[in-house]
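What follows is a single structure, written as structure tokens, with notes after it.
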Amino acid sequence: MPIRREHRFFYPIDWPQLSDAIRFRRAQGRCEECARPHLQRIFHLGDGRWWDAETGGWRDGQGRRLRQRLRDEDLLMRVRVTKVVLAAAHRDHDTANNEDANLAAFCQRCHMLHDRDEHQRRRWRTLFRRKAMGDLFQGPYPAA
């Protein structure tokens with residue numbers, strides 16, 4: 001995921017090199033959580049299951065091969081295509097802790113799941129700020 005301009009100073013100056021080392025040398029260009037390949041278009045069902053073209057089989061959200069055969073309804077109604085992009089993520093969400101054990105190569109799905117609590121916190125703060133601005137400039141909200 002790209003780093004927002006206002007957050008750039010939280011990351012070390014050599015972050016691009018550190019990120020490349022984690023994503024491509026250690027993880028070999030695959031998500032460390034689900035094994036999706038970097039910059040490949042994959043078929044997925046939206047719930048974590050995805051088609052691995054290299055092995056010719058479906059995988060679950062943790063990268064394990066599915067043993068059961070999928071029903072035709074699952075495939076025809078829900079298949080989507082996504083381009084996978086790997087990003088380096090901090091496991092403990094501390095951008096100052098750049099040890100190898102704390103960094104992971106995640107695809108965008110796994111990265112969003114990993115940062116879910118942070119994104120929910122930001123959403124609540126944004127909604128609260130909007131309501132406060134509305135109260136300030138537009139007066140009290142009408143009764144429902």
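Numbering of residues begins at 1 and proceeds along the displayed sequence.
- Put simply, the side chain of D52 never gets that close to the backbone of R59: no donor and acceptor are under 3.5 Å apart.
- Residues H38 and V85 form a side-chain contact, since some pair of their non-hydrogen atoms from C-beta on lies under 4.5 Å apart.
- Proximity of a side-chain donor or acceptor of H93 to a complementary backbone N or O of D115 within less than 3.5 Å is not detected.
- Annotation: side chain of K83 is in contact with side chain of L39 (closest heavy-atom distance under 4.5 Å).
- Residues H44 and R109 form no side-chain contact, since every pair of their non-hydrogen atoms from C-beta on lies 4.5 Å or further apart.
- L113 and F106 fall into different hydrophobic clusters, where Ile, Leu, Val, Met, Phe, Trp and Tyr side chains are chained together by heavy-atom contacts under 4.5 Å.
- Of all non-hydrogen atoms in C107 and C31, the two that sit nearest each other are N-SG, 3.3 Å.
- For I13, the CD1 atom counts as loosely surrounded, since its 6.0 Å shell holds 12 or fewer non-hydrogen atoms of other residues, nucleotides or ligands.
- In this structure, Q17 places its CD atom where more than 12 heavy-atom neighbours from other residues, nucleotides or ligands lie under 6.0 Å away.
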Worked check of side chain to side chain donor-acceptor pair (under 3.5 Å) between Q28 and R30 | CA-CA 6 Å; Q28 300 294 311; R30 288 189 165 264; over 6 Å; no
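- Across all their heavy atoms, R36 and G48 have their closest contact at NH2-O, 3.4 Å.
- Summarising the geometry, atom CG belonging to D20 is positioned 11.0 Å from atom CG belonging to D14; distances are rounded to the nearest 0.5 Å.
- Nearest heavy atom pair, residue W50 against residue C34, reads CZ2-O, 3.3 Å.
- Note on ring orientation: taking the six-membered ring where Trp is involved, the planes of W15 and H90 are parallel (angle under 30°, cut-offs 30° and 60°).
- In this structure, E32 pairs ionically with R26, as a charged nitrogen and a carboxylate oxygen lie closer than 4.0 Å.
- Side chain of R23 to main chain of L86: a donor-acceptor pair is present (N/O by atom type, distance under 3.5 Å, no hydrogens or angles).
- Across all their heavy atoms, D47 and R49 have their closest contact at OD2-NH2, 2.9 Å.
- Using a 4.5 Å cut-off on side-chain heavy atoms (C-beta onward), V81 and I42 make no contact.
- Closest heavy-atom contact between W58 and F43: CZ3-O, 4.1 Å.
- Note on L66: it clusters hydrophobically with L45, by side-chain heavy-atom contacts below 4.5 Å among ILVMFWY residues.
- The backbone N or O of A87 sits nowhere less than 3.5 Å from a side-chain atom of Q108 that would complete a donor-acceptor pair.
- Scanning all heavy atoms of the two residues, the minimum distance from L103 to N98 falls at CD1-O, 3.8 Å.
- Heavy atoms from other residues, nucleotides or ligands lying under 6.0 Å from OH of Y11 number more than 12.
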